[in-house]
Amino acid sequence: MSQETLSNLSREDRRFEPPAAIAEHANLTAEAYDRAAADPEAFWAEQAERLSWDQRWDRVLDWDDPPFAQWFVGGRINAAYNCVDRHVEAGRGDKVAFHFVGEPLDDTRTITYAQLKDDVSQAANALTALGVEAGDRVAIYMPMIPEAVVTMLACARIGAPHTVVFGGFSSDALASRLEDCQAKVIVTADGGYRRGSASALKPAVDEARTKAEALGHTVEKVLVVRRTGQDVAWDDDVDVWWHESVATASTEHACEFFDAEHPLYVMYTSGTTGKPKGILHTTGGYLVGTSYTHWAVFDLKPDTDVYWCTADIGWVTGHSYIVYGPLANGATQVLYEGTPDSPERGRWWDIIEEYGVTIFYTAPTAIRSFMKQGREIPDKRDLSSLRILGSVGEPINPEAYVWYRSVIGGDRTPVVDTWWQTETGAIMISPLPGVTAGKPGSAMTAIPGVAADVVTDEGASVPDGSGGYLVLTQPWPSMLRTIWGDDERFKETYWSKYAAQGWYFAGDGAKKDTDGDLWVLGRVDDVMNVSGHRLSTTEIESALVSHPKVAEAAVVGAKDEDTGQAVVAFVILRDEAGDGGGDIVAELRKHVRTQIGPIATPRQIMIVAELPKTRSGKIMRRLLKDVAEHREIGDVTTLADSSVMELISAGVDSSPGED
Ligand code: WT7
C-alpha cells in the first residue's frame, strides 16, 4: 500500500464521542471486550442463547480439524422459525416486519410478522410440491420485493440451501452458478422496477436454463412472481406462476429443525481466478453471528427502531442485514425496490422521513454520489428520526464520513464503518455506537468475540503506526465453512498464507494508527471493489479474451472518485482483427456486459500493442495501474522488455478515453 495513503491517515484527528443517550442504554458496553477475549466460546454461547434452539448444542466449537470448523455441535435449529414464528408465538404477530416500498410511487405493502409467517409457510409448501427437499439447492433471481425474502426464508424452513444471484448478473453468470451448485429450481419474477421502468428478469432465466443445459445441468422448475405484468415466454413443463401455486398453498407448515451445521446458503463471489467461489454458510453459527452483530453494532431496539439497509438481497449484505440478522431480532424494516434517484433524487430521504427510519445502513459509493448532488436535497427533508448510520462495502473516505454524519445525521448520529466480507458472514470490525469515539475513515477495532490483527508477510504483528495484511486470528461462528464443492480452494485461498499460525487471511491490507485502531485500505490481491461490489480482474480478462477479436487482455482496478475503483482494461487485438473496425471499444464493453453483467463493464478500454510482462510472462498489473491512475510509472526493471511501458503510455494519451 502506498506511503501516501498511510501518511494521509495519520493526519486525521477528528473524533466523535458516542451520544450520551445511546451510551446510556447501549445493548453492548465496553465490558464486553474483555469478557469476550477472556473466554470467546463462553461469549459466543451467550450470544447463541438469544436464539431459539430445538435442541441445545453439546459443544460450542469443534476446531479439531482446521480450517473446517463446526459451531454449536449437536444443536438443532431452524433459521426461518427464528426469524418469523418465534416472534408470532411471543405475541408480536402484529408487529411490522417490512414496510415494503416499490419503486413506482404509492406502490407499498405492510407486512407483519404474522403475515410473513403465512407467506413463508405457503412458499415452503409450494416449493415442497415442486419437489424441493432438504439439501436441494434453489436459485433465486429476483427484484427487491417481499417475495424474495419470503423465498429465502421458505428455503431455510425446508432445509434447501438457496443461492441468490444478483438480478444485474447476465444469463451467462446465472448459468454458471446454476451449474456449479446444481440448482433444482429457480425462483424469479417477470421483472422489477428500476430507474423508472420495468426491467425484465424472466428472459435471462430462460436463456440461463438453456445454457445450463448445454453445461449438462437441467433445472427442473421455474417459479415466477408476477411483478410488472410484462409478457413472458412460457414453458408449461417447467414454468409455474407464484400466484397460482404459492398464493393458493396452505398457510400451515410444520417446521422441521436441522443440525446447526446444515447448509443455509451458497453465495457466489469473485476471487482471484476466473471462476466465482460459492461461499457456503451454515445455519446455527451464521444466525448467531448475524443476529448478535445486528443487535450490537446497530444497537437495535426492536420495539422502537425502524431499520433500513439499502443493499440488494443479491449480495451478502442483504442476506445478513436484511434477512437473517434483523428478522432474527424481530426488527421493523424498510424494504425498497428501486434506485435512489427515482422518480427524483430525494427518494431515499423521502422514505426516511415517511417511515421515521432510525437506523440507516448504506455504502460509501452512494454517499459520495449524494455529496455530489449537494446537501440541498436531503436538507429539504426531516431526517431527525435517524439515530445511527452505518457504512459498508469499501473504505469510507473521511470526507464522505463527515458529510454523512453531519448532513444526513444532523451531527448527532454515530457512524459505524463496518468491515466484513461475504466469507465472514457478519460484521467483524466496527465501532460500537454507544462505546467508541469514532474516527472518520477508521473501522476501529474488532467487535467483542472477534480477534483481528495486522501482520507482516511472515506473520509478525505490526506495531502501531504501521501497515500490513489483515487477518482474523480466531474462528468465529458465521465464518464460511468451505467453497462449495472445493475444499482445496477453500484451504488455499484463505488459510494457506498463515497456515503455521492457523489464521484467516482476508485479502485486505490495513493499517494500525498510533492508537492501535484499524484502517482498512483495500484489497491486496487481484480483486477489485467497484461501488462496493467485488469483481475479479481475471474474470473480466476471461470475458474479454472470449471475444473473437481479442488476443490478450489485462484488467486493473483504478481509483475512481465515484465508485471507489473502476474497471480499466488493456486489450491486444488479434492480427486478423486489424484495428478492430467500427467502435471496437463499445463492442468490447457490450461484450463484458453480456458475459458478466453491467457492473463489470469497463470504464475505459485501451487498445494496446503490448502488455508489460515479467521474463516469466506474468503481466505486471502494478504498472498498468500506474497508467490507469495517471501516475508516474513505477519500477520497470523486472520487465522483459522495458520499452513496452513507453509504448503503452504513448498510446494512452491518444486513446479515445473514458465515457
Ligand atoms: C471486501 C468484501 C461486507 C459486505 C459487502 C462487501 C471491502 C467491505 C469495508 C469497510 C473497508 C471494506 C474489503 C473486503 N470492504 N467493507 N467497511 N472498509 N473495506 O462484501 O463483496 O465480500 O467484499 O469489501 O475489501 O475484503 P464482499
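Both ligands and their constituent atoms are indexed starting at 1 by order of listing. Throughout, residue positions are numbered sequentially from 1 according to the sequence presented. Since the structure is predicted, the reported quantities are computational estimates derived from the model, not experimental observations.
Ring-plane geometry between Tyr307 and Tyr361 is classed as tilted, the angle between the planes lying from 30 to 60 degrees on a 0 to 90 degree scale. Using a 30° and 60° split on the angle between ring planes, Trp315 and His533 fall in the parallel class, below 30°. Ring planes of Phe166 and Phe169: perpendicular class, angle over 60° (limits at 30 and 60°).
Within the 4.0 Å heavy-atom criterion, the part of Val316 lying near ligand 1 is the side chain and not the backbone. With a 4.0 Å heavy-atom cut-off, ligand 1 is reached by the side chain of Asp508 but not by its N, CA, C or O. At a heavy-atom cutoff of 4.0 Å, ligand 1 is contacted by both the backbone and the side chain of Gln421. Contact annotation for Ile429 and ligand 1: no heavy atom of the residue comes within less than 4.0 Å of the ligand.
Looking only at protein heavy atoms, the nearest one to atom 16 (N) of ligand 1 is Gly393 N, 3.2 Å. Nearest to atom 2 (C) of ligand 1 among the protein's heavy atoms is Trp420 O, 3.7 Å. The protein heavy-atom contact nearest to atom 10 (C) of ligand 1 is Glu394 O, 3.5 Å. In terms of protein heavy atoms, atom 6 (C) of ligand 1 is closest to Gly532 O, 4.0 Å. Protein heavy atom nearest atom 11 (C) of ligand 1, with residue, atom name and distance: Pro395 N, 3.1 Å. Residue, atom and distance of the protein heavy atom nearest to atom 27 (P) of ligand 1 are Thr422 OG1, 3.5 Å.
No more than 12 heavy atoms of other residues, nucleotides or ligands shown are found within 6.0 angstrom of NZ on Lys559. The 12-atom threshold is not exceeded at CD of Glu492, counting heavy atoms of other residues, nucleotides or ligands nearer than 6.0 Å.
Counting atoms of ligand 1 from 1 in the listed order, those under 4.0 Å from a heavy atom of Val392 are 3 (C), 4 (C). Which parts of ligand 1 touch Asn529 is read off a 4.0 Å heavy-atom cut-off, strictly below it: atoms 7 (C), 24 (O). Ligand-side atoms of ligand 1 in range of Thr317: 4 (C), 5 (C), range being under 4.0 angstrom from any heavy atom. Residue contact check: Arg534 has heavy atoms under 4.0 Å from atoms 2 (C), 21 (O), 22 (O), 23 (O), 27 (P) of ligand 1. Here is the list of ligand 1 atoms found below 4.0 Å of a heavy atom in Val520: 11 (C), 19 (N).
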Worked verdict on Gln421 versus Asp508 for side chain to side chain contact (heavy atoms under 4.5 Å, CB included)
CA-CA 10 Å; Gln421 307 176 297; Asp508 279 318; 4.0 Å; yes
Can you list the steps and then say if Thr358 with Ile388 is a side chain to side chain contact (heavy atoms under 4.5 Å, CB included)?
CA-CA 7 Å; Thr358 59; Ile388 290 168; over 6 Å; no
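Shown are Thr418, Ile427, Val316, Val297; of these, the side chain to side chain contact (heavy atoms under 4.5 Å, CB included) with Tyr321 is made only by Ile427.
Checked against the 6.0 Å centroid criterion, the rings of Trp503 and Tyr469 do not qualify as a close aromatic pair.
Under a cutoff of 6.0 Å and an axis angle of 45°, Arg347 and Tyr336 do not form a cation-pi pair.
Considering backbone and side-chain N/O of Asp417, one or more are found under 3.5 Å from N/O of ligand 1.
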